[in-house]
Structures are given as structure tokens and as C-alpha cells.
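Just so you know, these numbers use all the heavy atoms, side chains as well, and skip hydrogens, waters and symmetry mates. Not measured: the values here are computed from a predicted model. Below, read A as the first sequence line, B as the second, and so on, with proteins coming before strands; counting in each chain starts at 1.
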Amino acid sequence: MAYWLMKSEPDEVSIDDVLAAPARTVAWFGVRNYQARNFMRDAMREGDLVLFYHSSCAEPGIAGIVQVCSPAYPDATQFDPASPYHDPKATPEQPRWIGVDVRALRKTALLSLKELRTVPALAGMRLLAKGSRLSVMPVEPHEWHAIEALLGQP
DNA sequence: GCCAACGTTGGC
DNA sequence: GCCAACGTTGGC
């Protein structure tokens, strides 16, 4: 089992939105970066645990924990001309973008980006690297455990 | 295959 | 709204 971090703008989909969704499950769509896509396609598996990160908001940080609950499958928005995520070069026969379903496990007290930067064990975290802007990225087990300790018990 | 121009991300 | 960093595009 692997650990991940996925970014979402809470104005679009917040951890509360995932918790409120049917079966606490939403489709993760709109990833349009090859590196992020390849992580989902090649390395992500059902059951993997994911830090749910709120980005582009007043207080960015980790807001909850979700779990991958489907295999990767084509992201329907790429075929929809009305969608902002439309990709004219993608066809159902040759899809370019994929997503997964995630189920909310719990909401946490917000662990802010500012706090994350102060934790020595997290100094090497990809999220914290200069210029890092991947929306889907792996989390090392030791990083996961350090964060879990900071998040406290459910 | 290089690289300049452009677009996007995301913290501040 | 600004802007640094990075990714993508497309002419050559």
C-alpha cells in the first residue's frame, strides 16, 4: 500500500464536500499534468491512503484523509466540449487523462502549510520543495507517519 | 531537438 | 493581484 497527497481547491471540492457525497465518494477529475497522471495510472492502487490537501485558499494545508477506492479510469470531462477540462485531442478510443474515485475516511484539524514547513521530519517532502506544484504526489512512509502523529487520533 | 514564448499553479 | 517556478507548445 502506498501513500499519496492530492491537492484540491476547497472552493471546488473540499473535504466537507467529499464527506457529504453519496458513499462519501467522489471522482477525482481534472488532472491535466502528465506526471500527476502517471502516478495515478502506474502506481496508485485501490486502498492507498491519501492526504487531502486544500490549495489556493486562505489557509492551505492538510484537511483530511481519503482512500483510493477505484482503479484508474478515463476522466469523462476530457470528452466534454462544455467542460473547462475538455481536451480536443482526447477521444474515448484514445483517452489521454484518467482519474480515480476517492472515499473520505475523516476530516482532520487543518495542518497548515506553515506548520508543515516547521517539522524537521518533513524537510524532504515533495510538497514543500521549491516550485513544487504537482497536484498528485507520493508521500514517503516516514512522512506519512510524522503527519499522522501531528494530526492526532480520529 | 532546441529554446523562446506562452500558460498555469499556487503561495503570498 | 502579483509573480516565481515550472510545464507545454510550436517554429525552426
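Closest approach of Met6(A) to Val102(A), counting heavy atoms only: SD-CG1, 4.5 Å.
The stretch residues 121-140 of chain A touches DNA chain B through Arg133(A), Leu134(A), each having a heavy atom within less than 4.0 Å of the strand.
Distance, Asn33(A) CG to dC6(C) C1': 10 Å, rounded to whole Å. Atoms CH2 (Trp97(A)) and C1' (dG7(C)) sit 10 Å apart, rounded to a whole Å. Whole-Å rounding puts the Arg37(A) CZ to dG7(C) C1' distance at 14 Å. Whole-Å rounding puts the Lys114(A) NZ to dC12(B) P distance at 9 Å. If you take CD of Glu9(A) and P of dG10(B), they are 7 Å apart, rounded to a whole angstrom. Atoms NZ (Lys7(A)) and C1' (dT9(B)) sit 8 Å apart, rounded to a whole Å. One interatomic measurement links the two molecules: CD of Gln35(A) to C1' of dC6(C), which rounds to 10 Å at whole-angstrom precision. If you take CE of Met6(A) and C1' of dT9(B), they are 17 Å apart, rounded to a whole angstrom.
Considering only the side chain of Ser56(A), dG10(B) comes nearest among dG10(B), dG7(C), dT8(C).
For Lys107(A), the salt bridge (charged side-chain N to carboxylate O under 4.0 Å, His left out) partners at least two apart in sequence or on another chain are Asp16(A). Remark: Asp87(A) engages Arg96(A) in a salt bridge (charged side-chain N to carboxylate O under 4.0 Å, His left out) (not counting sequence neighbours). Partners of Tyr53(A) according to the ring-ring contact (aromatic ring centres under 6.0 Å, His included) rule, which considers only residues two or more places apart in sequence or in another chain, do not exist here. Arg32(A) meets the salt bridge (charged side-chain N to carboxylate O under 4.0 Å, His left out) test with Asp75(A); sequence neighbours excluded. Tyr73(A) is linked by a ring-ring contact (aromatic ring centres under 6.0 Å, His included) to nothing, counting only residues two or more places apart in sequence or in another chain.
Applying the 4.0 Å criterion to OP1 and OP2 of dT9(B), one finds that Tyr53(A) has every side-chain N and O outside that range.
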